[in-house]
Amino acid sequence: MLGKTYDSEVCSAARALELVGERWSLLIIRNALFAGATRYSDFRSLDIATNILKTRLDGFIDAGIMERRGSQRNPEHFEYVLTEMGRDLATVIAALTEWGDRWLAPDGPPIFYTHSVCGGSVSLHASCANCGDVQDPAEIGVRPGPGMRIA
């Protein structure tokens, strides 16, 4: 989707950016996740150019992030429905929103994410499998995983 591939990068973040790293991508997915957008016309509320919207939706379908289905309301129209892969981006969007709330929202958060089961506030944080919470982002490091190619 970005028009550039990261074939030389052995990095899942780079691979993810290939699919959702373009400026409109996460906004389209955000509206599908949290605003109930499923129809092409629903996504037009973003004021995105029609050619770009079509390209993004087609790319999401090709990548397995969305499925295009016939509308139950009108069989002549289609709906764009998130797959499990697409729904898994909810935590990514919530984390990006938390970061934006902290650094870019001088009047406070414009929205709050809540747990639909109990109504509690949702927040995301890093945790360590051995000792619990990671208190400082500087404590996060990296090590090779099973998918790392060794030259």
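All values reported here derive from a predicted model rather than from experimental measurement.
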Under the side-chain contact (heavy atoms from CB on, under 4.5 Å) rule, collect the residues that match up with [X], sequence neighbours excluded.
{"X": "Glu76", "answer": "Asn74"}
{"X": "Leu104", "answer": "Trp99"}
{"X": "Val81", "answer": "Arg69, Glu79"}
{"X": "Thr114", "answer": "none"}

If you look only at pairs with a residue in residues 32-54, which of them pass as a side-chain hydrogen bond (donor to acceptor under 3.5 Å, both in side chains), with sequence neighbours excluded?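 Every pair satisfying side-chain hydrogen bond (donor to acceptor under 3.5 Å, both in side chains) with a residue in residues 32-54: Arg39-Ser41, Lys54-Asp58.
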All pairs passing side-chain hydrogen bond (donor to acceptor under 3.5 Å, both in side chains) where residues 116-130 contributes a residue, at least two apart: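 Of all non-adjacent pairs touching residues 116-130, those that pass side-chain hydrogen bond (donor to acceptor under 3.5 Å, both in side chains) are His125-Asp133.
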In chain order, what residues pass the side-chain hydrogen bond (donor to acceptor under 3.5 Å, both in side chains) check against [X], with sequence neighbours excluded?
{"X": "Arg87", "result": "none"}
{"X": "Arg143", "result": "none"}
{"X": "Glu98", "result": "none"}

Results of salt bridge (charged side-chain N to carboxylate O under 4.0 Å, His left out) for Arg102 - residues two or more places apart only: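 If we apply the salt bridge (charged side-chain N to carboxylate O under 4.0 Å, His left out) test to Arg102, skipping adjacent residues, there are no hits.
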Are Ile93 and Ile111 connected, step by step, through hydrophobic side chains (Ile, Leu, Val, Met, Phe, Trp, Tyr) whose heavy atoms are closer than 4.5 Å?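 Result: yes, single cluster for both.
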Please list all pairs passing the ring pair (Phe, Tyr, Trp, His ring centres under 6.0 Å) test where one or both residues lie in residues 76-96, with sequence neighbours left out.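 As it turns out, there is no ring pair (Phe, Tyr, Trp, His ring centres under 6.0 Å) pair with a partner in residues 76-96 once direct neighbours are skipped.
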Any chance you could measure [X], atom [atom1], to [Y], atom [atom2], to the nearest 0.5 Å?
{"X": "Leu57", "Y": "Ile48", "atom1": "CG", "atom2": "CD1", "answer": "7.5 Å"}
{"X": "Phe60", "Y": "Met85", "atom1": "CZ", "atom2": "CE", "answer": "10.5 Å"}
{"X": "Leu89", "Y": "Ile29", "atom1": "CG", "atom2": "CD1", "answer": "5.0 Å"}

Could you tell me which residues satisfy ring pair (Phe, Tyr, Trp, His ring centres under 6.0 Å) with Tyr113, sequence neighbours excluded, listed by chain and number?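 Listed in chain order: Phe34.
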